[in-house]
Amino acid sequence: MSTLRLILGDQLSHSLASLKDCDLNSDWLLIAEVKEEASYVKHHKKKIAFLFSAMRHFGKDLTDKGYQLTYVKYDDKDNQGCLFGEVKRLCKQKNIDKIVLTHPGEYRVLVEMQSWQEKLKIPVEIRQDDRFLASLAEFATWAQGRKQLRMEFFYREMRKAWHFLMDGDKPVGDKWNFDSANRKALPKDMSPPEPTKFESNHITQNVIDLVAENFSDHFGKLDNFHFAVTREQALVVLDEFIEQRLVNFGDYQDAMVQGEPWMYHSHISFYLNCGLLTPKEVIEQAENAYRNGDAPLNAAEGFIRQVLGWREYVRGLYWFKMPDYKKVNFLEATGSLPKFFWDSSTKMNCLHQCIKETSENAYAHHIQRLMIIGNFALLAGLHPDEVNQWYLIVYADAYEWVEMPNVSGMILFADGGLLASKPYAASGSYINKMSNYCRSCHYKVKQKDGPQACPFNYLYWDFLDRNKQKLGNNPRLGMPYRTLNNMTDQKRQTIQRDSQIFFKALENNEEV
Ligand code: FAD
Ligand code: DLZ
Ligand code: SF4
């Protein structure tokens with residue numbers, strides 16, 4: 001008599017719900033590298049290498065701690081290729097009479113798991129994932145009956161509930177949000193520190209060789225792999241962030257600099273999302289840094305808002321709205337992903353840089369994802385399915401629960417305003433203000449029309465014009481729509497002409 005406890009690739013936490021009450025003598029743990037999970041989208045090579053290495057290290061940790069573990073490697077000759085196949089195999093081998101799981105991060109996996117009890121005729125218990133700070137039930141209670149689900153109000157509730165950055169029942173500094181202080185461009189004489197990097201040991205090197213051999217047709221570069229792959233290493237990344245970067249995190253959160261992919265961001269999403277770090281410890285460290293005088297309030301609050309606010313909020317929203325959320329397309333966008341999303345071959349320097357860095361690092365910081373790549377996807381009217389799939393593939397921190405609300409809700413406004421009060425649409429002048437990309441661009445950011453004009457300039461107005469019916473009454477778009485309405489017919493026609501030329505070139509696979 002024994003219980004099987006499956007641990008998924010993004011469940012690498014010793015505090016995992018399904019590990020609680022585990023009997024070291026009779027229960028069996030299962031970790032499996034399977035084709036189904038590694039290929040349901042063609043994940044970035046570095047994402048697979050990172051996760052397989054982290055899984056192998058975590059497996060070794062579990063065995064060292066005395067757990068009985070079956071670890072199935074990708075190239076094991078009997079590998080069944082899917083999670084169910086491996087669960088079924090172990091059930092037969094070990095006389096299993098119960099299966100304990102932790103709630104997965106993706107809806108498709110939950111649906112699959114819910115069928116196992118019936119298929120295997122063994123009780124299956126799916127436990128809540130209590131590594132998150134808001135349970136799904138708590139989010140649903142907060143969200144029920146609200147027309148708009150604004151992160152800011154959810155975040156305030158979380159601050160109060162967890163008593164993070166609070167003075168009694170008031171927010172520290174008497175304000176909940178210091179975002180207005182967080183919009184500086186990076187001064188020329190400042191350069192962010194190098195990200196924390198780790199050498200590959202033999203486990204990681206084996207995995208890199210395996211990925212090179214089996215996933216050569218997947219997106220992205222495998223060389224210069226330097227991610228943390230153990231909890232100890234992830235803690236070093238966190239410590240170095242708190243010591244070296246947090247102080248500037250707030251001020252330069254929205255800044256972009258050519259050749260600086262990492263900026264003052266924390267680079268911990270990979271580790272939070274696969275379980276090597278917990279959100280609680282991360283928030284506590286940031287709060288301590290503020291309380292000890294090592295980081296200003298705008299930095300600590302800005303960072304804590306991302307983890308306690310946005311991260312918890314998007315997860316709640318995903319599960320609250322799935323499966324319908326997968327189908328939303330409020331703006332009825334139909335465009336196909338341009339080829340340059342895969343090979344970065346575009347004359348638009350901002351997009352070229354961000355996509356090239358994405359391919360190299362399986363990482364881009366938030367404002368690159370949102371205001372460069374996301375902004376383009378929105379203005380160009382790309383179909384949510386294609387954009388969602390791309391974001392799920394290319395970033396090593398991507399799982400549907402976090403990727404989809406950011407894509408469908410935040411960048412594409414495909415949920416019609418559930419997440420965002422207005423689309424994050426911007427012309428070239430915003431990009432020029434927040435980055436130095438425009439200086440080395442083929443296009444001229446100050447030029448509004450003609451072949452040399454920055455495409456973001458005319459696409460921005462064309463987007464508003466095209467979507468006037470759906471967005472024209474949005475109170476937060478009053479200003480730009482007034483400007484659009486006051487344009488001469490000739491100006492509008494020029495915008496339409498330039499946009500059509502641009503879209504035609506995209507359609508013909510010409511380099512734009
Ligand atoms: P920092 O800037 O240092 O932020 C600290 C932490 O806050 C992050 O590690 C992350 O855990 C959390 N966080 C910040 N912003 C968000 C957000 N909008 N949603 C959820 N958590 C947030 N994040 C992912 O973890 N996985 C994704 O697949 C993902 N896809 C995204 C797609 C788009 C279109 C956009 C606009 C954002 C996406 N994000 C995603 C959110 C954010 O860009 C990344 O979390 C962040 O860039 C990770 O880098 P970092 O750890 O250096 O973050
Ligand atoms: C992303 C990923 C990859 C690439 N490979 C595996 C794997 O082989 N085995 C596994 O258990 N999990 C993997 N994962 C993570 C899963 O896709 C993730 O657990 C689900 O998407 C649910 O969030
Ligand atoms: Fe991007 Fe336009 Fe600037 Fe070129 S000019 S980098 S396309 S915003």
Side-chain angles (χ1 to χ4, degrees), residues 9-10 38 41-54 186 191-200 204-205 207-208 211-212 215-229 233-234 236-238 240-241 244-245 249 252-274 276-277 306 340-346 348-374 376-377 389-399 402-403 406-407 411 435-437:
D10 53 355
V41 293
K42 289 190 165 188
H43 304 283
H44 195 299
K45 294 187 193 82
K46 273 205 173 106
K47 178 179 180 183
I48 304 179
F50 160 61
L51 221 56
F52 281 9
S53 178
L186 194 74
S191 57
E194 272 284 285
T196 311
K197 293 184 176 176
F198 299 92
E199 296 276 322
S200 296
T204 303
Q205 197 48 56
V207 161
I208 289 174
V211 172
F215 301 96
S216 60
D217 61 336
H218 284 217
F219 175 79
K221 302 237 177 348
L222 196 48
D223 45 350
N224 298 321
F225 182 92
H226 62 74
F227 290 155
V229 290
Q233 291 180 339
V236 175
V237 176
L238 175 61
E240 294 198 4
F241 165 68
Q244 300 172 11
R245 293 167 193 270
F249 176 88
Y252 306 114
Q253 203 180 338
D254 287 2
M256 295 171 281
V257 178
Q258 183 152 337
E260 294 285 0
W262 308 96
M263 297 298 286
Y264 290 99
H265 292 270
S266 65
H267 326 135
I268 58 165
S269 51
F270 319 118
Y271 315 124
L272 277 172
N273 294 355
C274 78
L276 295 181
L277 296 176
Q306 307 311 313
F340 68 73
F341 270 68
W342 301 112
D343 60 14
S344 73
S345 59
T346 166
M348 292 177 278
N349 188 43
C350 51
L351 279 158
H352 171 71
Q353 296 296 334
C354 294
I355 294 171
K356 180 169 74 75
E357 289 172 357
T358 297
S359 163
E360 283 163 3
N361 303 322
Y363 175 84
H365 61 75
H366 184 66
I367 213 72
Q368 294 178 309
R369 296 187 205 196
L370 177 66
M371 294 313 293
I372 305 289
I373 306 172
F376 179 83
Q389 194 186 70
W390 186 82
Y391 274 94
L392 194 55
I393 286 175
V394 303
Y395 294 115
D397 55 25
Y399 303 89
V402 52
E403 169 276 320
N406 273 296
V407 168
I411 67 170
S435 79
N436 61 0
Y437 293 137

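From a predicted model like this one, the values you see are computed outputs, not experimental measurements.
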> Looking at CD of Gln258 and SG of Cys354, how far apart are the two atoms once the value is rounded to the nearest 0.5 Å?
Replying inline: 9.5 Å
> Going from CG on Asn273 to CD1 on Ile268, what distance comes out if it is rounded to the nearest 0.5 angstrom?
Replying inline: 9.0 Å
> With Tyr271, which residues qualify under ring pair (Phe, Tyr, Trp, His ring centres under 6.0 Å), at least two apart?
Replying inline: Phe50
> Are any of the side-chain heavy atoms of Ser435 and Ile372 separated by less than 4.5 Å?
Replying inline: no
> Where the side chain of Gln353 meets the backbone of Asn349, is there a donor-acceptor pair that is under 3.5 Å apart?
Replying inline: no
>> Working note: Leu276 + Phe270, criterion side-chain contact (heavy atoms from CB on, under 4.5 Å); need CA distance, chi angles, decisive distance, verdict.
In response: CA-CA 9 Å; Leu276 295 181; Phe270 319 118; over 6 Å; no
>> Any non-hydrogen side-chain atom of Gln253 less than 4.5 Å from a side-chain atom of Ile367?
In response: no
>> Would you compute the distance between atom CD of Gln306 and atom OG of Ser269 and round it to the nearest 0.5 angstrom?
In response: 11.5 Å
> Below 4.5 Å, heavy atoms only, C-beta onward: do Pro193 and Trp262 meet side chain to side chain?
Replying inline: no
>> Between His265 and His366 (side chain of the first, backbone of the second, donor and acceptor by atom type, cut-off under 3.5 Å), is there such a pair?
In response: no
> Taking all non-hydrogen atoms of both residues, which atom of Ala364 and which atom of Thr358 are closest, and how far apart?
Replying inline: CB-OG1, 3.7 Å
>> Checking Trp390 against Ile373 for the side-chain contact (heavy atoms from CB on, under 4.5 Å) test, could you report, in this order, the C-alpha distance in whole Å, the side-chain angles of both residues, the deciding distance, and whether it holds?
In response: CA-CA 11 Å; Trp390 186 82; Ile373 306 172; 3.7 Å; yes
> Taking it one step at a time, do Asp397 and Val402 satisfy side-chain contact (heavy atoms from CB on, under 4.5 Å)?
Replying inline: CA-CA 9 Å; Asp397 55 25; Val402 52; over 6 Å; no
>> Taking the side chain as everything from C-beta on, heavy atoms only, tell me whether Leu222 gets closer than 4.5 Å to Phe215.
In response: no
>> Closer than 3.5 angstrom, by distance alone: can the side chain of His44 be matched with the main-chain N or O of Ala396 as a donor-acceptor pair?
In response: no
> What's the spacing between Leu370 CG and Ile411 CD1 if we round to 0.5 Å?
Replying inline: 7.5 Å
>> Measuring from atom NE2 of His43 to atom CG of Leu392, what distance do you get when rounded to the nearest 0.5 angstrom?
In response: 6.5 Å
>> For a side-chain contact (heavy atoms from CB on, under 4.5 Å) check, start with the C-alpha distance between Trp342 and Ile393, then their side-chain angles and the critical distance, and finish with the verdict.
In response: CA-CA 11 Å; Trp342 301 112; Ile393 286 175; 3.9 Å; yes
> Does the side chain of Tyr363 come within less than 4.5 Å of Lys47's, by heavy atoms?
Replying inline: no
>> Which heavy atom of Ser266 sits nearest to which heavy atom of Phe241, and what is that distance?
In response: CA-CD1, 3.3 Å
> Is any side-chain heavy atom of Asp217 closer than 4.5 Å to a side-chain heavy atom of Lys42?
Replying inline: yes
> Should the ring pair Tyr264 and Tyr252 be called parallel, tilted or perpendicular, given that the plane angle runs from 0 to 90° and is split at 30 and 60?
Replying inline: tilted
>> Quick check against the 3.5 Å criterion: does Ser359 have a side-chain atom that pairs as donor or acceptor with the backbone of Ile355?
In response: no
>> Classify the ring geometry of Tyr391 against Tyr395: parallel below 30°, tilted from 30° to 60°, perpendicular beyond 60°.
In response: tilted
> Which value, rounded to the nearest 0.5 Å, describes the distance between Thr196 atom OG1 and Gln233 atom CD?
Replying inline: 10.5 Å
> Phe340: what forms a ring pair (Phe, Tyr, Trp, His ring centres under 6.0 Å) with it, not counting sequence neighbours?
Replying inline: Phe376
> Any sub-3.5 Å donor-acceptor pair from Arg369's side-chain atoms to Val407's backbone N or O?
Replying inline: no
>> For the backbone of His365 and the side chain of Gln368, can you confirm whether one donor and one acceptor N or O come within less than 3.5 Å of each other?
In response: yes
> Between Lys46 (side chain) and Phe225 (backbone), is there a donor-acceptor pair under 3.5 Å?
Replying inline: no
>> Is it true that, when you exclude Lys356 itself, more than 12 heavy atoms of the residues, nucleotides or ligands shown sit nearer than 6.0 Å to its NZ?
In response: yes
